[in-house]
Structures are given as C-alpha cells and as structure tokens.
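Both ligands and their constituent atoms are indexed starting at 1 by order of listing.
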Amino acid sequence: MKPVYTRIAGTGRGLPDKILTNQDLEKMVDTTDEWIRSRSGIERRHIAADNETNLDFCELAARNAMQAADVGPKDIDLVIVGTTTPDQVFPNMGCLLQRRLGIHGCAAFSLEAACTGFIYALDIADKFIRTGSAKCALIVGGETLSRMTDWTDRSTCVLFGDGAGAVVLEPAAKPGILSTHLHADGKYADLLFFPSGVSKKPKDFYARRDFIHMKGSEVFKVAVTKLGEIVVEALEANDLPPEKLDWLVPHQANLRIIEATARKLKMPMEKVILTVQDHGNTSTASVPMALDVAVRDGRIQRGQTILLEAFGGGFTWGAALIRY
Ligand code: ACO
C-alpha cells in the first residue's frame with residue numbers, strides 16, 4: 001500500500017472588524033505606544049464586539065479555508081477547534097461549528113492547549129489522515145482572549161487580541177506535513193494561567209471575575225529557550241539545514257521572542273511572517289492567521305518549506321515542518 005501524507009489544501013482567517021490601537025490603550029491604562037511597540041512589537045489588535053463570539057470568527061475562517069480548498073460541508077469528515085475561549089463548555093466548539101456550516105455526522109471536538117492548540121490540532125489531524133481515518137479535515141484555531149483580559153491591568157491588556165485561523169487538510173501522495181513535534185510541561189502552570197474552571201469551586205462564586213495571570217518576563221525566558229529547542233528538533237528530524245527553510249511562521253506573541261527564534265535559525269527577518277503588529281497575541285489563532293496572511297498575499301507559494309511553531313500556557317509548545 002502506498003503511504004498517505006497530509007497536505008494543506010486551503011487556508012482562511014476571520015477577524016472582528018473593531019480595531020483597538022495602542023493610542024486607544026493610552027486612554028485606558030497608564031501605558032504608551034512606544035512602550036508597547038518596543039516591548040512587544042504590537043501596534044493594534046482586533047477585538048470582538050459585545051454581540052460577537054469566538055464561533056463567529058471560527059465560522060468565517062472555516063468558510064474562507066473551505067472556499068480556498070474548494071470543498072463543501074459534505075466533504076469534511078473531521079472537525080477540530082483549538083481554543084481556550086469556547087462559546088460554551090458543551091456542545092464543544094467543533095459541534096457548534098458543524099451546525100453553523102451544515103456538516104453532519106463526522107467526529108468534531110475542541111482541543112485546549114493554549115497558544116499551541118493549532119499545532120496540537122494539526123498533529124492529530126495529520127494522524128487521522130495518514131491512517132485513513134479522515135479524508136478532509138477542517139482545523140481551526142480561534143480565540144476571544146479579550147473576554148478573559150483584565151482591561152485595567154496594563155501588563156497584560158496591551159498584549160492580546162481576538163480572531164480565528166483555519167486550514168483544510170487532505171490526503172496527498174507526497175508530504176505535505178513533513179513532521180510535527182509536541183511538548184508540554186505542567187511544572188510551569190503558575191507562570192501563565194486563567195484560574196477559573198467549571199469544576200474548581202471558588203470561595204465566592206458570584207463575586208468571581210477572573211482574568212489572565214502572567215509572569216511576563218519569566219514566560220519570556222522559557223518561551224525563548226523552548227522555541228529555540230523545538231525549531232532545531234524539527235529541522236534535525238528531517239535532516240534539513242535552516243538555510244533550506246523558505247519561511248518561519250511563528251506564534252505571534254512578542255516580536256522579541258520571534259527575533260530570538262529567527263536568530264537561532266540564522267534566518268533573516270525577511271523570511272519570517274509577522275502579524276503581531278496587526279493582530280497582537282491571539283493565542284491558538286495566531287499561527288493559522290499568519291499562514292493565511294502570507295498565502296493570500298502571495299509570499300508563501302506551493303512547494304515551499306515552512307516551519308510553524310508555537311508556545312503557550314501549560315506550558316505547551318510545538319512545531320510543524322511543512323512543504324506547502
Ligand atoms: N506600559 C508601560 N509600562 C508597563 C506596561 C505597559 N503596558 N506593562 C508593564 N510595564 C512596566 C512594569 O510595571 C515594569 O515596571 P517597573 O520596572 O517599574 O516594575 C516595567 O514595565 C518592565 O516590565 P516587565 O514585565 O519586566 O517587561 P518586559 O520587558 O518583560 O516585557 C512583556 C513585558 C511584553 C509581557 C514580555 O515579558 C513578554 O512578552 N512576555 C511573554 C509573553 C508571552 O509570550 N506569552 C506566551 C504566550 S501567551 C498565552 O499563552 C495566552
């Protein structure tokens with residue numbers, strides 16, 4: 001039997017219309033455009049309106065990816081949505097998305113691995129396709145981090161944004177996804193977290209209003225180390241020297257973290273896809289949205305070799321080497 005590989009057949013993204021600039025934030029908290037740009041590279045971010053939810057952006061991203069891949073609802077036989085901000089606990093976001101798109105009967109689930117969720121979803125879907133369990137997978141990373149942000153805390157509220165990115169995956173005779181690499185270490189749980197859950201009973205349930213907590217500079221150090229390690233791991237697994245890479249599509253958390261990873265690979269910044277200035281940190285949506293931006297503006301071309309990487313709460317981190 002001939003081996004089956006996975007290829008990306010189409011990409012898409014969905015963003016709220018509302019844009020919050022650094023100048024807008026200067027009016028909300030004690031910060032400056034200069035501080036935000038120099039520490040993070042962020043200039044603006046999209047924020048969901050009160051009547052919008054994560055599912056709206058996931059649906060838009062999915063429709064765009066399905067159109068790009070030229071597939072319809074009947075073709076899709078696996079739906080995975082990476083998210084930490086689901087519209088509701090259940091039905092899971094995969095099922096809610098199925099209903100919006102008119103997809104019936106196939107497996108559909110949500111996956112929570114913070115900013116690395118999309119890479120985790122890609123890894124799982126790749127295994128479904130290579131084992132013949134799926135023929136057309138819809139993978140989405142979507143977040144409304146604005147809904148778990150403390151808008152009075154300048155150390156976090158300047159960093160995050162909302163949106164969703166999606167890909168459609170199909171079987172192929174040649175790879176496609178060359179390799180995926182997933183890691184996690186729960187010992188870092190206290191450096192970056194959102195404390196509320198359904199099962200953990202708070203002292204005063206009705207007074208509860210939780211937000212993202214982050215020890216920024218400590219997260220920064222671990223992120224630089226782990227991302228430096230994982231990009232090398234992905235290249236070594238494929239015996240690929242860094243100069244053969246056409247593009248790095250990194251998690252868009254912080255320009256300085258991205259620059260450190262590019263330095264590790266000795267890659268010029270011209271070969272790095274950057275959306276952090278426009279989107280901020282959209283967690284699991286950031287990699288598929290950046291991929292879609294570069295596919296649609298013509299920088300990423302068929303046949304090119306691309307390294308995706310992400311790092312987030314957990315900590316979780318992961319990479320995927322792809323021949324687009
Ligand atoms: N405006 C002005 N000053 C600020 C702001 C702000 N918005 N925020 C913090 N400061 C101040 C601090 O109070 C501190 O002042 P002090 O020295 O008087 O105490 C000073 O700026 C420096 O603060 P640091 O936190 O040390 O700044 P740092 O250079 O580390 O940058 C940042 C902060 C941007 C958060 C950085 O640490 C970072 O990007 N960390 C990693 C974030 C990340 O990658 N997260 C991963 C994934 S996110 C997820 O999974 C959801």
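Under a 4.0 Å criterion applied to the non-hydrogen atoms of Gly312, ligand 1 contributes the atoms 50 (O). Atoms of ligand 1 lying under 4.0 Å from at least one heavy atom of Ala253, given by number and element, are 44 (O). Residue-ligand proximity, Thr31 to ligand 1, at heavy-atom distances under 4.0 Å covers atoms 1 (N), 2 (C), 6 (C), 7 (N). Numbered from 1 in the order shown, with element, the atoms of ligand 1 that lie under 4.0 Å from a heavy atom of Met214 read 35 (C), 42 (C), 45 (N). Counting atoms of ligand 1 from 1 in the listed order, those under 4.0 Å from a heavy atom of Phe311 are 47 (C). Of all the atoms in ligand 1, the ones that sit under 4.0 Å from a non-hydrogen atom of Gly313 are 50 (O). Interface of Ser217 with ligand 1, defined as ligand atoms under 4.0 Å from a residue heavy atom, comprises 30 (O), 37 (O).
Distance from atom 48 (S) of ligand 1 to its nearest protein heavy atom, with residue and atom name: Asn281 ND2, 3.2 Å. Given atom 31 (O) of ligand 1, the protein heavy atom at minimum distance is Arg256 NH2, 3.4 Å. Protein heavy atom in closest approach to atom 14 (C) of ligand 1: Arg154 NH2, 4.9 Å. Closest to atom 10 (N) of ligand 1 among all protein heavy atoms lies Trp35 CZ2, 3.4 Å. Atom 29 (O) of ligand 1 has Arg39 NH1, 2.7 Å as its closest protein atom, hydrogens excluded (heavy atom only). Nearest protein neighbour of atom 34 (C) of ligand 1, counting heavy atoms only, is Asn254 ND2, 3.6 Å.
Proximity of atom 16 (P) of ligand 1 to the protein is not indicated, since no non-hydrogen protein atom lies closer than 4.0 angstrom. Inside a 4.0 Å radius of atom 44 (O) of ligand 1 there is at least one protein heavy atom. Atom 5 (C) of ligand 1 is approached by the protein to below 4.0 angstrom, counting heavy atoms only. In this structure, atom 25 (O) of ligand 1 is not in close contact with the protein, since no protein heavy atom lies within 4.0 Å of it.
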For this session: Check the pair Asp77, Lys135 against salt bridge (charged side-chain N to carboxylate O under 4.0 Å, His left out), reporting the backbone distance first and the verdict last.
Result: CA-CA 7 Å; Asp77 60 2; Lys135 296 248 174 308; over 6 Å; no

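Ligand 1 has Leu159 within reach: a non-hydrogen atom of the residue lies less than 4.0 Å from it. In this structure, Ala223 does not count as a contact residue of ligand 1, since none of its heavy atoms falls inside 4.0 Å of the ligand.
Side-chain contact of Thr85 with Arg147: a donor-acceptor pair under 3.5 Å is absent, judged by distance alone.
Judged by distance alone, the side chain of Gln252 and the main-chain N or O of Pro250 form a donor-acceptor pair under 3.5 Å. Checking side-chain atoms of Asn281 against main-chain N and O of Phe160 turns up no donor-acceptor pair under 3.5 Å. Side chain of Gln304 to main chain of Gln301: a donor-acceptor pair is present (N/O by atom type, distance under 3.5 Å, no hydrogens or angles). Remark: side-chain polar atoms of Asp75 are paired, donor with acceptor, to backbone N or O of Gly72 under 3.5 angstrom. Listed for the Thr116 side chain is a donor-acceptor partner under 3.5 Å among the backbone atoms of Thr316. Side-chain N or O atoms of Thr149 include none that pairs as donor or acceptor with a backbone N or O of Cys157 at under 3.5 Å.
The only option from Asp162, Asp24, Asn22 that meets the side chain to side chain donor-acceptor pair (under 3.5 Å) definition with Arg45 turns out to be Asn22.
Under 4.0 Å from ligand 1, the heavy atoms of Val158 that appear belong solely to its side chain. Contact annotation: for Leu192 versus ligand 1, heavy atoms closer than 4.0 Å belong to the side chain alone.
Scanning Val224, Ile257, Thr32, Val219 for the heavy atom closest to atom 46 (C) of ligand 1 points to Val219. Of the listed residues (Ser283, Cys157, Ser38, Cys115), the one carrying the non-hydrogen atom nearest atom 49 (C) of ligand 1 is Cys115.
Between Gly216 and ligand 1, at least one N/O pair is under 3.5 Å apart.
Atom CG of residue Asp87 and atom CG of residue Asn54 lie 5.5 Å apart, to the nearest 0.5 angstrom. Interatomic distance, Ile80 CD1 to Leu78 CG, rounded to the nearest 0.5 Å: 4.5 Å.
For Tyr188, the ring-ring contact (aromatic ring centres under 6.0 Å, His included) criterion is met by Phe315, not counting sequence neighbours.
Clustering ILVMFWY residues whenever any of their side-chain heavy atoms sit less than 4.5 angstrom apart, transitively, puts Leu138 in the very cluster that holds Leu96.
His251 and Phe311 have their aromatic ring centers separated by at least 6.0 angstrom.
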